[in-house]
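Please read these numbers as outputs of a predicted model, since none were measured by experiment.
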Amino acid sequence: MSSSLMRRKLPELLLEAAMIFFAVVLALAAEEWREQKDRQELADRALRSVVEEMRSNLGELEVTGVRNTERLEAASAVLAELEAGRDQGGADVGLEVALLSSAAWQSAQMSQAVQYLDFGVMRELSEVYEVQDLYLQVQSAAVDHMTDAMRTAQDDPAAAVRQGVISLALLGDLRTSLAEVYGNALEELESDDGAR
């Protein structure tokens with residue numbers, strides 16, 4: 001190609017190169033936008049699932065909390081009778097176990113959707129599930145204590161009922177705290193959702 005032909009074609013070639021460069025940049029930006037949108041949709045779905053799970057867990061806590069409060073009151077009355085020397089033959093101290101789920105939170109973590117949540121939201125959800133884990137550990141220990149108490153009830157019924165009362169009271173206090181944590185988190189998430 002001669003230099004004069006090259007000079008005449010140069011603006012055309014530069015324009016074509018610029019258009020190709022612009023098209024590539026535009027395609028990359030569109031792909032990045034789509035990926036960001038997909039990530040945000042994943043995070044939003046995960047958050048909705050976690051919020052629904054917390055609502056369900058809160059409902060479960062409320063139901064079992066009422067039953068365990070009734071059981072605590074009954075066990076306290078039985079304990080007072082036993083400590084007064086009155087036989088309560090076959091006193092039944094039980095525990096209503098709350099079946100709390102963390103499946104949505106675990107799924108959000110495994111799918112890495114939590115990486116795309118706001119850091120404050122992610123921290124709040126982590127704290128909620130830490131308190132939930134603590135509640136479940138205490139609940140499991142309460143079940144173990146009550147099982148042990150049933151074994152010793154023949155020898156010392158007052159001690160067995162006392163252990164049940166202590167377990168129910170401790171679990172009740174922690175249930176109240178967990179319900180408050182759920183309520184605060186749900187309120188904050190719903191207000192953040194309304195602000196979006």
Side-chain angles (χ1 to χ4, degrees), residues 43 45-80 82-83 91-190 192:
R45 276 194 320 269
L47 185 57
R48 282 191 303 274
S49 292
V50 168
V51 165
E52 189 57 39
E53 180 174 75
M54 285 194 307
R55 279 191 191 115
S56 175
N57 287 346
L58 181 57
E60 176 75 5
L61 270 184
E62 289 169 353
V63 169
T64 58
V66 167
R67 292 178 184 152
N68 284 333
T69 299
E70 292 168 354
R71 288 175 182 225
L72 175 59
E73 291 167 359
S76 296
V78 167
L79 180 60
L82 287 171
E83 288 176 341
D92 180 29
V93 178
L95 169 69
E96 187 76 25
V97 175
L99 302 175
L100 305 178
S101 175
S102 60
W105 176 240
Q106 290 173 356
S107 295
Q109 290 173 311
M110 288 189 306
S111 70
Q112 300 181 354
V114 293
Q115 293 179 3
Y116 309 115
L117 292 174
D118 175 73
F119 182 76
V121 169
M122 185 174 59
R123 190 186 83 237
E124 174 129 14
L125 293 175
S126 294
E127 290 171 359
V128 167
Y129 281 95
E130 284 177 14
V131 175
Q132 178 178 305
D133 286 344
L134 176 63
Y135 178 85
L136 291 173
Q137 290 170 16
V138 170
Q139 179 176 259
S140 179
V143 169
D144 291 343
H145 286 131
M146 289 192 173
T147 302
D148 291 341
M150 285 192 296
R151 287 188 204 117
T152 62
Q154 291 291 330
D155 299 331
D156 190 355
V161 173
R162 189 176 303 109
Q163 183 60 50
V165 167
I166 291 169
S167 294
L168 284 167
L170 176 61
L171 197 60
D173 290 344
L174 193 52
R175 183 202 64 78
T176 301
S177 296
L178 180 56
E180 187 176 306
V181 167
Y182 281 144
N184 291 341
L186 288 168
E187 184 178 311
E188 190 169 316
L189 290 170
E190 288 166 355
D192 286 350

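How far OG of Ser140 is from OH of Tyr135: 11.5 Å, rounded to the nearest 0.5 Å. Here the CG atom belonging to Leu61 is positioned 5.0 Å from the CG atom belonging to Leu178, to the nearest 0.5 angstrom. Once rounded to the nearest 0.5 Å, the distance linking CG of Asp144 with CG of Asp148 reads 6.5 Å. Rounded to the nearest 0.5 angstrom, Ser111 OG and Arg45 CZ are separated by 8.5 Å. The CG atom of Leu189 sits 13.0 Å away from atom CZ of Arg48, with the distance rounded to the nearest 0.5 Å. Interatomic distance, CG of Leu125 versus OG of Ser102, reported as 12.5 Å (0.5 Å rounding).
Residues Ala46 and Ala108 approach most closely at CB-CB, 3.8 Å, considering heavy atoms. Of all the heavy atoms in Leu136 and Ala98, the pair that sits closest is CD2-O, 4.1 Å. The shortest non-hydrogen separation linking Ala185 to Val128 is CB-CG2, 3.6 Å.
Without hydrogens or angle criteria, Gln139 side chain to Leu171 main chain gives no donor-acceptor distance under 3.5 Å. Asn68 places no side-chain N or O within donor-acceptor distance of the main-chain N or O of Leu95, the cut-off being under 3.5 Å. Side chain of Glu60 to backbone of Leu99: a donor-acceptor contact under 3.5 angstrom is found. Without hydrogens or angle criteria, Ser76 side chain to Leu72 main chain gives a donor-acceptor distance under 3.5 Å.
Annotation: side chain of Val66 is not in contact with side chain of Glu96 (no heavy-atom distance under 4.5 Å).
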List the steps, then state whether side-chain contact (heavy atoms from CB on, under 4.5 Å) holds for Tyr129 with Val50.
CA-CA 10 Å; Tyr129 281 95; Val50 168; 3.8 Å; yes

Could you check Ser49 against Trp105 for side-chain contact (heavy atoms from CB on, under 4.5 Å), going step by step and ending with a plain yes or no?
CA-CA 8 Å; Ser49 292; Trp105 176 240; over 6 Å; no

Show your reasoning for whether side-chain contact (heavy atoms from CB on, under 4.5 Å) applies to Leu47 and Leu117.
CA-CA 8 Å; Leu47 185 57; Leu117 292 174; 4.1 Å; yes

Decide salt bridge (charged side-chain N to carboxylate O under 4.0 Å, His left out) for Glu70 and Arg67; before the verdict, give the C-alpha distance in whole Å, the side-chain angles of both, and the deciding distance to 0.1 Å.
CA-CA 5 Å; Glu70 292 168 354; Arg67 292 178 184 152; over 6 Å; no

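Checking Met54, Glu53, Gln132 one by one against Leu100, the side-chain contact (heavy atoms from CB on, under 4.5 Å) holds for a single residue, Gln132.
The stretch residues 166-176 participates, sequence neighbours left out, in these side-chain hydrogen bond (donor to acceptor under 3.5 Å, both in side chains) pairs: Gln163-Ser167.
Ion pair Arg123/Glu127 flagged as a salt bridge, since at least one NZ, NE, NH1 or NH2 atom sits closer than 4.0 Å to an Asp/Glu carboxylate oxygen.
Within a 6.0 Å radius of CD in Glu180, other residues, nucleotides and ligands contribute 12 heavy atoms or fewer.
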